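Reading through the structure tokens given below for one structure.
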Amino acid sequence: MIENLVIVESPAKAKTIEKFLGKDYTVQSCFGHIRDLAKKNLGIEIKNNYQPQYIVSDDKKKVVSELKKYATDSRIVWLASDEDREGEAIAWHLCEVLKLKPENTRRIVFHEITENAIRQAIREPRGINKNLVNAQQARRVLDRLVGFELSPILWKKIQPALSAGRVQSVAVRLLVEREREIISFKASSAYRVVALFLFTDEAGEKKSLKAELSERFPTREETLDFLGKCIRANYKIIGISTRPSTKSPAPPFTTSTLQQEASRKLGFSVSQTMSVAQRLYESGKITYMRTDSVNLSNLALGTVKKVIEQEYGDKYVKIRKFKTKSKGAQEAHEAIRPTFIANKDIQGNVQEKRLYDLIWKRTVASQMSDAQIEKTTVTIEISTADENFLATGEVITFDGFLKVYFESRDEEGEENGRAMLPPVQLQQELTCDSITATEKFTPPPLRYTEATLVKKLEELGIGRPSTYAPTISTIQNRGYVVKEDRPGITRELHLITLKDEKIREEEKTEYAGREKGKLFPNNIGIIVNDFLIEHFEDIINYHFTAKIEKEFDEIAVGKLVWTAMIDAFYSSFHKKVETTLESSEKEKGERYLGEDPVTGKKVFVKMGRYGPIAQLGDSQEEEKPKFASLIKGQLIENITLEEALELFKLPRIIGTFEGKELVIGLGKFGPYVRHEGKFYSLKKGIDDPLTIEADRAIELIGEKREADQKRIIKTFAEDPDLLVLRGRYGPYISFQKKNYKIPRKMDPEKLGYSDCKEIIERHDKSGKSKN
DNA sequence: CAGTGAGCGAGCTTCCGCTTGACTT
């Protein structure tokens with residue numbers, strides 16, 4: 001007989017709590033939700049007032065049967081799932097599935113894993129809040145209805161295996177709309193004018209001062225006109241103003257802000273951050289990593305205070321209570337912080353150490369004093385012009401939290417105004433060494449990274465800490481978006497300088513717009529997005545989640561019946577589903593580009609069975625149209641007639657090598673060179689399939705042959721098809737287009753022909769028995 | 001890994017939010 005059984009969601013949490021509670025308590029974990037809607041036929045009985053059909057999935061059966069054993073053996077069962085909508089539902093499902101009796105079941109909640117908080121919770125048990133459970137059921141059922149009714153429409157009207165949902169479809173919409181802003185963006189330029197002044201200070205030392213003109217000139221003529229006025233002008237300081245200001249630290253990490261900072265500072269992907277954080281959590285080094293709360297426990301605040309006092313001194317301490325700003329936050333946990341703040345560093349791999357360091361610094365800095373900053377602006381008058389030059393400098397008079405941590409930004413701003421200014425006086429005369437006017441282009445809107453997309457979703461109240469990373473993966477897995485680097489463009493910019501009373505003009509080339517690790521929408525993402533917006537704008541709407549969240553809140557306080565809410569939504573939604581299925585045509589995203597000037601045939605771009613294609617000639621006419629695949633990265637959205645016509649120039653024969661033809665073509669995996677039946681990929685961003693020449697193609701073939709050679713560990717005279725190769729996961733055997741794992745005990749260098757044959761045979765046999 | 005693009009049809013795909021393993025040929 002067990003006296004007390006406590007059930008929590010996470011096994012790591014169970015371990016910690018068991019330590020606090022002692023031997024009268026057995027603590028088990030249920031690993032999150034233990035059952036979910038059946039996958040067949042929606043899992044909801046629509047005609048039976050939306051009765052959910054819950055089933056325990058296969059991978060949860062083991063956990064459930066173990067918990068059942070424990071529960072029947074226990075005097076009191078304490079349900080300690082999180083204090084939020086999902087946690088309440090988990091507690092309710094546990095009651096139902098484990099058949100718990102109310103008289104020996106208690107529901108308890110705590111927001112922080114400290115002994116006090118848990119003892120306190122046990123002193124204040126309550127029952128299950130059925131209203132809150134109903135709010136969760138409404139959330140669950142609505143998401144299933146939306147996801148499982150919209151997705152099949154896409155299979156029918158666009159392409160199989162696509163998906164749509166309340167969260168993912170909005171994420172894609174954000175990316176598509178941003179891409180359109182970038183496509184339609186027209187850069188304008190203006191001249192930024194910077195002067196370099198020289199003077200001698202009181203000690204006789206030569207000093208310099210850089211200052212920027214208070215305005216930028218939109219044209220070359222105006223810039224020239226201004227610089228002309230500056231020849232033989234006199235310069236005098238007519239103003240020095242200093243303005244004190246303060247900077248405050250950012251709040252402790254939530255899931256979303258941790259993902260953002262790990263991306264900016266450490267270059268981690270969103271899922272990488274989560275898996276490293278998971279390891280830190282499981283080894284007891286940090287608190288729970290899926291949270292939307294910026295709150296720190298009083299215990300933690302006390303330790304942070306001590307650490308700051310010891311490391312930096314009393315005047316660096318400023319204890320703060322942060323309030324969450326994000327919509328729909330449920331705050332079931334603390335903010336993400338080190339479990340033991342006194343530990344400045346930890347054991348672990350490089351990634352773990354770096355992420356821990358980031359969390360430590362952010363936590364500590366959040367409880368430190370404001371930084372005091374003095375901003376100085378020096379105004380310099382030009383005797384021959386109305387404009388002024390301004391020199392700005394910044395001096396940190398008290399570093400405060402900046403001693404530990406500085407939050408990064410997403411924009412790549414110009415390094416400006418950060419430097420200290422040399423000491424100068426009012427009315428001081430300056431000598432102008434030179435003035436440089438540089439043409440500056442306005443930057444286009446920023447593309448999203450994984451992390452900035454998470455930030456945006458959080459601002460909109462869409463998605464939860466546990467789903468940010470999976471959502472980002474889903475929209476990439478469906479092919480809606482791709483995360484990649486893309487090269488920028490080089491462009492000419494105009495430079496005008498005034499030095500030694502002479503004005504000189506020159507052209508400079510600038511490399512701009514290179515993208516690294518950004519999210520780009522694909523054609524299929526754009527087509528799905530446009531289709532959903534045309535037929536279901538109200539759901540793909542940025543405010544849809546906020547709207548239904550309000551209704552869930554009403555359900556949670558008992559003011560609204562959950563099935564009534566679902567019925568109001570579903571009856572109009574389902575009507576739209578039916579009319580869309582009946583009326584709308586198959587959507588191929590076709591766009592007409594114009595006529596081919598050579599043949600006079602019409603040119604279209606659209607989605608084909610295997611991807612986006614260009615079509616030359618109308619399908620109505622007698623002659624069959626020609627087709628050509630679009631190159632990766634080309635969008636139906638903005639491809640030009642000229643670019644489309646180029647595509648029909650492939651495949652091209654560009655010469656011969658070793659007596660065989662070199663053919664450039666475009667395949668499933670991008671542009672290639674074909675030679676003797678073998679394929680060699682062109683280098684992305686370097687080679688253009690339409691202009692590549694034989695020399696370069698031969699070079700590529702050589703590189704590939706060399707790389708293949710390096711992969712070979714062993715070959716056998718008995719059979720040229722059998723190879724021992726070095727691969728991503730270590731050495732393996734390749735035979736007749738199939739790969740085989742080498743047992744760990746065996747040395748790949750010493751494998752003989754018969755050894756390999758044996759491995760292959762053994763594998764093939766076991767493979768057969770499995771199928 | 002790599003050329004395709006007519007049309008039909010069976011059977012498959014899919015949501016969001018809680019949790020952790022399993023484990024690469």
Side-chain angles (χ1 to χ4, degrees), chain A residues 8-14 29-37 39 42-44 59-60 63 81-82 84-90 93 136 139-156 159-169 275 278-279 281-282 288 290 330 332 462-468 470-471 474 478 545 588 606-615 619 624-629 650-651 663 665-674 677-681 725 727-735 737-742 759-760 763 767:
Chain A
V8 295
E9 294 182 38
S10 143
K13 198 167 166 179
S29 94
C30 66
F31 296 84
H33 277 294
I34 53 160
R35 59 176 189 175
D36 190 18
L37 297 174
K39 291 216 174 197
L42 282 182
I44 300 158
D59 55 333
K60 292 281 174 175
V63 181
S81 46
D82 298 344
D84 58 17
R85 205 160 62 200
E86 299 297 326
E88 201 68 15
I90 288 174
H93 283 298
Q136 193 274 345
R139 199 281 303 157
R140 181 68 193 92
V141 166
L142 183 133
D143 280 335
R144 170 55 68 83
L145 290 170
V146 170
F148 274 37
E149 296 219 347
L150 287 186
S151 301
I153 303 180
L154 301 180
W155 306 341
K156 204 170 161 205
Q159 186 175 111
L162 296 174
S163 67
R166 176 176 58 83
V167 174
Q168 57 169 284
S169 297
S275 77
Q278 176 88 29
R279 288 203 297 276
Y281 167 67
E282 283 173 6
Y288 196 56
R290 289 187 273 264
Q330 308 199 6
I462 299 172
R464 304 277 314 129
S466 68
T467 60
Y468 295 137
T471 300
T474 299
R478 298 275 172 277
T545 294
K588 290 181 178 151
K606 64 178 183 184
M607 223 40 200
R609 264 200 294 173
Y610 309 104
I613 46 170
Q615 177 182 331
S619 10
K624 236 180 89 174
K626 274 169 121 182
F627 296 97
S629 290
L650 292 176
V663 183
L666 200 55
K668 200 170 158 192
F669 306 102
Y672 61 81
V673 189
R674 196 176 66 215
K678 282 191 177 154
F679 293 86
Y680 306 86
S681 290
L725 299 172
R728 239 193 321 161
Y729 309 111
Y732 66 98
I733 296 166
S734 164
F735 180 62
K737 295 205 172 181
K738 278 175 86 178
N739 299 325
Y740 302 87
K741 193 165 70 172
I742 298 170
I759 291 170
I760 291 166
H763 182 275

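Just so you know, these numbers come straight off a predicted model, no measurement behind them. Each chain gets a letter, A, B and so on, in the order the sequences are listed, and its residues count up from 1.
Between A:D84 and A:Q136 the shortest side-chain heavy-atom distance does not fall below 4.5 Å. At a threshold of 4.5 Å between non-hydrogen side-chain atoms, the residues A:Y281 and A:K13 count as touching. Side-chain contact between A:Q330 and A:R464 is present, with at least one heavy-atom pair separated by less than 4.5 Å. Here the side chains of A:S10 and A:S29 are not in contact, with every heavy-atom distance at 4.5 Å or above.
Where A:Y281 and A:S629 meet DNA chain B, the nucleotide closest to each residue was compared, and A:S629 sits on the side nearer the 5' end.
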Dump the pairs, protein N or O against N or O of nucleotides 6-9 of chain B, anything under 3.5 Å, distances to one decimal.
none

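The nearest whole Å value for the distance from the OH atom in A:Y468 to the P atom in B:dT19 is 13 Å. Whole-Å rounding puts the A:I613 CD1 to B:dT4 C1' distance at 10 Å. Spacing between atom CZ of A:R279 and atom C1' of B:dA22 amounts to 14 Å, rounded to whole angstrom units. For A:L725 and B:dC1, the CG to P distance is 11 Å, given to the nearest whole Å. At whole-Å resolution of the value, CZ in A:R85 and C1' in B:dT19 are 18 Å apart. If you take CD of A:Q278 and P of B:dA22, they are 13 Å apart, rounded to a whole angstrom.
Separating the OG1 atom in A:T467 from the CD atom in A:Q168 is a distance of 11.0 Å, to the nearest 0.5 Å. A:F627 contributes atom CZ, which lies 4.5 Å from atom CD of A:Q615 (distance to the nearest 0.5 angstrom).
When the salt bridge (charged side-chain N to carboxylate O under 4.0 Å, His left out) test is applied to A:R166, the partners found at least two apart in sequence or on another chain are A:D143.
At a threshold of 4.0 Å, the pair A:K60-A:D36 does not count as salt-bridged, since none of the basic side-chain nitrogens sits closer than that to a carboxylate oxygen.
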Could you run down nucleotides 12-18 of chain B 5' to 3' and tag each one B, S or - for protein heavy-atom contact under 4.0 Å?
-> -BBBBBB
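Using modelled atom types, one finds no donor on one side chain facing an acceptor on the other under 3.5 Å when comparing A:S466 with A:R290.
At the phosphate of B:dT20, OP1 or OP2 sits under 4.0 Å from a side-chain N or O atom of A:S10.
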